[in-house]
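This report concerns only the one structure given below.
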Amino acid sequence: MSRILVTGAAGFLGSHLCDSLLAEGHEVIGMDNRVSGTGDNLEDAMYNDRFSYYDHDVTEFIHVKGELDAVMHLASLASPVFYREYPIKTLKVGALGTHKTLGLAKEKDATYFFTSTSEVYGDPEVNPQPESYRGNVDSYGPRSCYDESKRYGEAIVRAYRDEHDMDVRVARIFNTYGPRMRLDDGRVIPNFMKQALTGRDLTVYGDGSQTRSFCYVDDMIDGLVSLLESGVDTPVNIGNPDERSILELAELVIELVGSESGITYEELPPQDPKVRRPDISKAKSEVGWEPDVGLRDGLERSVGYFAERV
Ligand code: UDP
């Protein structure tokens, strides 16, 4: 059994990660300030006596009593709608929050786990994206608060690894979906689910030809835990390489929900990446992980949750 701190514990991925680590028998300390997360996500964890919760903003100095084996930094505003609304908080949690949690991991001699993003590749000029691709990011662009904070995060993780000889992991997470996403999250799957379930038109931005590759949450958590347990201290893409156009996704959601909704086209947000697909060769060969839930299956598993929320 290990003792693991998870930041962003009340969020979508953070809460699923806490549940999964608890199920494996670990002791988990969850930390969140609930800017985008919600206590509801921790209902199961709260009943577990191996779980404790700290209401804390990770951009401030962090004090945790006792030993820690791992610090997993998941706190972040991950939806473009949220990070456009709170660009300073987004920069702070990716930069200052990473610095503070690294300091804690160093103090505790713990493995440090950073959740980076496919956004480090920006609007990619190569598809799929291998970890060696250096990206196409506008440092002064509308998404730069997120992209650059995560790029800085990766850089400071590497610096702590090299200067302090720390044991580190870096997961580059690609689009993930499933139960516990907020209905007002603003990302494409919660939006489409909500619209299809209430009979409103699905809002496709642009002409819908832009692509994303969607990973079901259970696969993602499995990937993160596998990476933690591996010894790989360089970035690894974690995602599902099944690439779809946004229009195709809209049609699939309408079909699966059995909805009468149509589709309306809205303006494409500036600098919306045109394609995105992870090359997961490294995850397969070095971590021994690959996803196994297909998009149709994952969406079917998620409909019930969204229907309940609606
Ligand atoms: N999108 C859309 N309709 C929506 C929300 C998003 O067409 O109601 C598009 C968005 O422009 C992007 C893709 O869906 O091309 C994925 O957007 P999301 O916000 O989920 O995340 P991103 O991958 O852009 O970070």
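Read the numbers this way: they start at 1 and go in the same order the structure lists the ligands and their atoms.
- The ligand atoms of ligand 1 that sit less than 4.0 angstrom from a heavy atom of N191 are 4 (C), 5 (C), 8 (O).
- Here the side chains of P241 and P291 are in contact, with some heavy-atom distance below 4.5 Å.
- A salt bridge links R180 with D19: the closest approach of a Lys/Arg side-chain nitrogen to an acidic carboxylate oxygen falls below 4.0 angstrom.
- Annotation for ligand 1: atoms under 4.0 Å from non-hydrogen atoms of V204 are 7 (O).
- Of the heavy atoms in I189, none comes closer than 4.0 Å to ligand 1.
- At a threshold of 4.0 Å, the pair D272-K274 does not count as salt-bridged, since none of the basic side-chain nitrogens sits closer than that to a carboxylate oxygen.
- In terms of protein heavy-atom proximity, atom 21 (O) of ligand 1 is nearest to N175 ND2, 3.7 Å.
- At least one heavy atom of R276 sits under 4.0 Å from some atom of ligand 1.
- Screening residues 12-45 for ring-ring contact (aromatic ring centres under 6.0 Å, His included) gives F12-H16 as the qualifying pairs, with residues at least two apart or on separate chains.
- Residue D272 has at least one N or O atom closer than 3.5 Å to an N or O atom of ligand 1.
- Looking at E119 and R276, a side-chain N of the basic residue comes within less than 4.0 Å of a carboxylate O on the acidic one, giving a salt bridge.
- Between T203 and ligand 1, at least one N/O pair is under 3.5 Å apart.
- At least one heavy atom of R143 sits less than 4.0 Å from an atom of ligand 1.
- For Y177 and Y216, the ring centers sit closer than 6.0 Å to each other.
- R151 has no carboxylate O lying under 4.0 Å from a charged side-chain N of E154, or vice versa, which leaves the two without a salt bridge.
- Residue-ligand proximity, I246 to ligand 1, at heavy-atom distances under 4.0 Å covers atoms 7 (O), 13 (C), 14 (O).
- A salt bridge does not link E27 to R50: none of the charged side-chain nitrogens sits closer than 4.0 Å to a carboxylate oxygen.
- Geometrically, K89 does not engage Y83 in a cation-pi contact, judged by NZ or CZ lying under 6.0 Å from the ring centre and within 45° of the ring axis.
- What sits closest to atom 23 (O) of ligand 1 on the protein, heavy atoms only, is R212 NE, 2.6 Å.
- At the top of the distance list for atom 1 (N) of ligand 1, counting protein heavy atoms only, stands Y205 CD1, 3.3 Å.
- When each atom of ligand 1 is checked for a heavy atom of E119 under 4.0 Å away, the hits are 25 (O).
- Proximity of Q210 to ligand 1, defined as any heavy-atom pair under 4.0 Å, is confined to the side chain (atoms from C-beta onward).
- Residue V188 places at least one N or O, backbone or side chain, under 3.5 Å from an N or O of ligand 1.
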